[in-house]
Novice: 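The following block contains the structure, expressed as C-alpha cells.
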Amino acid sequence: MELKYRHVDVFTDRPFSGNGLTVFILEETLSTELMQEITREMRQFESIFLFPTEKPDTFQARVFTMEEELDFAGHPTLGATCVLHEKFFPNKDSSTWTICFNHKESLVKTTFQENRFFASMEQGIPEFGETLSDDEIETFLSA
C-alpha cells in the first residue's frame, strides 16, 4: 500500500522547528490500528488522517499521537487545513474549511501571504471535565 503524506512544521516560519505533524489525505478509511501504527512509525507529535466528504471544503479527521487517538487537537487541525489549502486551492489567498472530528466540528480559515500559510480556528464553547476532589488535588499537587 502506498500512502502519500506531507510533513509540516506548525507554529513556526522556519523548517525543522515548531510542532512537527504528518498529514494524510486519503480516499478510503483505514483501520484504527493501522492509523495508530503509521503514527508510531512517523514519530511526530501527532498525525492527522483526512477523508473527503460530499462537500469540497469539509473533511472527516482522525488524530493520533504515538500513544492514542484524540477526539480533537489544535495544531493538527491548523497544519492540516494549510495542506488542504495548498493542495486544493493553491491560487486562492484564503479558504474556509470544516473539519469533522469524532464528537465535534471546527471551522478553520486559512490564508496564504508572504510565501507561507496562516490558519485560525473556531473551537466552540470550552467543555470542562470532572472537578477533582480534595484528595485528588493533594495527590496532584504533591507530584
Novice: Considering residues at least two apart in sequence or located in another chain, which fulfil the side-chain contact (heavy atoms from CB on, under 4.5 Å) criterion with Ser133?
Specialist: Asp135, Glu136
Novice: Flag the pair Thr98 / Lys55 as yes when at least one side-chain heavy-atom distance between them is below 4.5 Å, and no otherwise.
Specialist: no
Novice: Given Ser47, which partner from the list Thr65, Ile38, Thr22 fulfils the side-chain contact (heavy atoms from CB on, under 4.5 Å) test?
Specialist: Thr22
Novice: CG of Asp134: more than 12 outside heavy atoms within 6.0 angstrom?
Specialist: no
Novice: Are Leu30 and Phe64 in one and the same hydrophobic cluster, where Ile, Leu, Val, Met, Phe, Trp and Tyr link if side-chain heavy atoms are under 4.5 Å apart?
Specialist: yes
Novice: Salt bridge check, Asp13 against Arg116: does any charged N sit closer than 4.0 Å to a carboxylate O?
Specialist: yes
Novice: Main chain of Pro15, side chain of Asp9: is a donor-acceptor contact present, judged purely on distance under 3.5 Å?
Specialist: no
Novice: Atom OH in Tyr5, atom CZ in Phe24: separation rounded to 0.5 Å?
Specialist: 7.0 Å
Novice: So which residues get pulled into Leu132's cluster when ILVMFWY side chains under 4.5 Å apart are joined, directly or through others?
Specialist: Ile137, Phe140, Leu141
Novice: Looking at Thr110, is its backbone amide N or carbonyl O close enough to the side chain of Ser95 to form a donor-acceptor pair, meaning the two atoms are under 3.5 Å apart?
Specialist: no
Novice: Does the Arg43 side chain pair with the main chain of Arg40, one donor and one acceptor, at a distance under 3.5 Å?
Specialist: yes
Novice: Indicate yes or no: at least one non-hydrogen side-chain atom of Glu28 is less than 4.5 angstrom from one of Phe51.
Specialist: no
Novice: Do the side chains of Asn102 and Glu69 get nearer than 4.5 Å, heavy atoms only?
Specialist: yes
Novice: Running the 4.5 Å side-chain criterion over Ile, Leu, Val, Met, Phe, Trp and Tyr, what cluster does Phe72 land in, apart from itself?
Specialist: Val8, Val10, Phe11, Leu21, Val23, Ile25, Ile48, Leu50, Phe59, Val63, Leu70, Leu78, Val83, Leu84, Phe88, Phe89, Trp97, Ile99, Phe101, Val108, Met121
Novice: Would you say Gln60's side chain and Cys100's backbone share a donor-acceptor pair under 3.5 angstrom?
Specialist: yes
Novice: One pair to check against side chain to side chain donor-acceptor pair (under 3.5 Å): Arg62 and Thr32. What are the steps and the verdict?
Specialist: CA-CA 9 Å; Arg62 296 194 58 193; Thr32 298; 2.6 Å; yes
Novice: Are a donor atom and an acceptor atom from the side chains of Ser94 and Thr111 found within less than 3.5 Å of each other?
Specialist: no
Novice: Give a yes or no on whether the backbone of Thr139 and the side-chain of Ser142 come within a donor-acceptor separation of less than 3.5 Å.
Specialist: yes
Novice: If you draw a 6.0 Å radius around NZ in Lys104, do more than 12 non-hydrogen atoms from other residues or ligands fall strictly inside?
Specialist: yes
